Structures are given as structure tokens and as C-alpha cells.
Amino acid sequence: MTLIVANLLWGRLPIVKDNVLTATTPGETVDVLVTERGVTIYPSRRDLWEKVTAAGLPVKDIHELKQEAEKIAGTPQAVKTGDRIVAVVEYRDGTVIDVVSQVAE
């Protein structure tokens with residue numbers, strides 16, 4: 001099981017987003033996200049969902065956590081990027097999973 005523990009907000013920015021700017025790991029490889037506002041579990045892991053809710057932990061749908069974060073901090077503006085690639089993100093098996101583009105001015 002892969003578990004990530006993170007604050008729901010980072011510098012007044014929600015960490016749960018519809019689209020990420022840069023992928024550092026495929027989302028489907030993360031089973032559980034634990035925040036100070038609740039726990040969310042990847043939808044295909046119904047087994048974990050059932051065990052965590054049975055244990056009485058505050059399990060929420062990922063969309064609920066996103067809405068809660070945006071209620072606190074607002075909806076962040078999208079970052080505009082240019083065409084220039086400044087980094088390449090490789091997964092642990094060596095495959096390229098994303099590129100990082102320079103922020104547009």
C-alpha cells in the first residue's frame with residue numbers, strides 16, 4: 001500500500017487539484033492520501049476504503065477534500081507555461097512520465 005501524508009493546503013494553495021502541473025508519480029500508484037482534514041482512498045481500492053471506514057477514520061471522497069481546500073483558500077489560478085522544456089521527470093523504472101516547462105512571463 002502506498003500512503004502519502006500531506007497538509008491539505010501548501011502555502012495557501014490546495015494540494016488536491018483536477019489537473020497537476022507536473023506529475024512526479026502516476027496517480028494510480030497512490031492508494032491513500034492522509035490530510036489533517038480527512039483521508040481519501042484511490043477508487044479502485046474498495047478493500048482499503050471498507051477497512052478504513054470500519055476503523056472509524058474520516059474517509060472522504062477526493063472531490064470533497066478538493067472542495068474543502070478551495071473553500072478555505074479559494075480556487076488557484078492556472079499556471080501559464082511556455083514551450084521551453086526545462087526538466088524531464090522519470091519514473092523509478094526509467095520511463096518518462098512528464099516534462100517541466102518554463103513558466104510563461
Side-chain angles (χ1 to χ4, degrees):
M1 177 182 87
T2 304
L3 176 107
I4 293 179
V5 178
N7 290 328
L8 188 59
L9 299 170
W10 181 72
R12 299 269 315 146
L13 295 173
I15 65 154
V16 179
K17 302 176 63 81
D18 289 326
N19 297 300
V20 297
L21 183 59
T22 303
T24 56
T25 192
E28 62 271 8
T29 65
V30 177
D31 297 313
V32 181
L33 170 63
V34 178
T35 75
E36 75 281 9
R37 301 274 180 167
V39 177
T40 191
I41 299 173
Y42 196 77
S44 66
R45 295 300 310 266
R46 292 303 304 169
D47 58 323
L48 287 177
W49 185 283
E50 292 165 6
K51 289 176 183 176
V52 172
T53 54
L57 295 172
V59 180
K60 297 180 179 180
D61 181 85
I62 189 86
H63 302 289
E64 290 177 80
L65 281 178
K66 179 180 177 289
Q67 289 173 350
E68 193 167 335
E70 289 178 352
K71 184 177 178 183
I72 295 167
T75 304
Q77 293 181 344
V79 176
K80 295 180 179 149
T81 58
D83 295 330
R84 182 171 173 250
I85 295 173
V86 295
V88 175
V89 181
E90 290 185 8
Y91 194 52
R92 59 184 160 226
D93 65 2
T95 58
V96 175
I97 61 171
D98 205 351
V99 295
V100 179
S101 297
Q102 181 177 16
V103 175
E105 308 226 1

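Counting begins at 1 with the first residue of the sequence. This is a predicted model, so every value here is computed, not measured.
- Residues V86 and S101 come closest through the heavy atom pair CG2-C, 4.1 Å.
- Residue Y91 is tested with T24, V96, T29 for a side-chain contact (heavy atoms from CB on, under 4.5 Å); the sole match is T29.
- Taking every heavy atom of both residues into account, A6 and E36 meet most closely at O-OE1, 3.9 Å.
- The line from CD of E68 to CD of E64 is 8.5 Å long, rounded to the nearest 0.5 Å.
- The cluster map of Ile, Leu, Val, Met, Phe, Trp and Tyr, joined by side-chain heavy atoms under 4.5 Å apart, puts V59 and V32 in the same cluster.
- The OG1 atom of T53 sits 10.5 Å away from the CG atom of L48 when rounded to the nearest 0.5 Å.
- Residues V79 and I15 are members of separate hydrophobic clusters, defined by side-chain heavy-atom contacts under 4.5 angstrom among Ile, Leu, Val, Met, Phe, Trp and Tyr.
- Between Y42 and V30, the closest heavy-atom pair is CB-O, 3.4 Å.
- With a 6.0 Å radius and a threshold of 12 heavy atoms from other residues, nucleotides or ligands, R37 has its CZ atom at or below the threshold.
- Listed here is the closest heavy atom pair of T40 and K60: OG1-O, 2.9 Å.
- Distance check: K17 NZ to E70 CD gives 8.5 Å after rounding to the nearest 0.5 Å.
- Taking each heavy atom of A23 and I97 in turn, the nearest pair found is O-CD1, 3.9 Å.
- No donor-acceptor distance shorter than 3.5 angstrom exists from the side chain of T2 to the backbone of D31, with no hydrogens or angles considered.
- We find the CD-CD1 distance between Q102 and I85 to be 11.5 Å, quoted to the nearest 0.5 Å.
- A pairwise comparison of heavy atoms in D61 and W49 identifies N-CH2, 4.0 Å as the closest pair.
- At least one side-chain heavy atom of L8 sits under 4.5 Å from a side-chain heavy atom of V16.
- V52 and I4 end up in different hydrophobic clusters when Ile, Leu, Val, Met, Phe, Trp and Tyr side chains are linked at under 4.5 Å.
- Atom CG of L3 and atom CD1 of I41 lie 9.5 Å apart (nearest 0.5 Å).
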inquiry  = The test is side-chain contact (heavy atoms from CB on, under 4.5 Å); show your working for V89 and V100 and say whether it passes.
reply    = CA-CA 7 Å; V89 181; V100 179; 4.1 Å; yes
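- Under a hydrophobic clustering in which Ile, Leu, Val, Met, Phe, Trp and Tyr are joined whenever their side-chain heavy atoms come within less than 4.5 Å, directly or via other members, L9 and L65 fall into different clusters.
- W10 and I72 are not part of a single hydrophobic cluster, where members link through side-chain heavy atoms under 4.5 Å apart.
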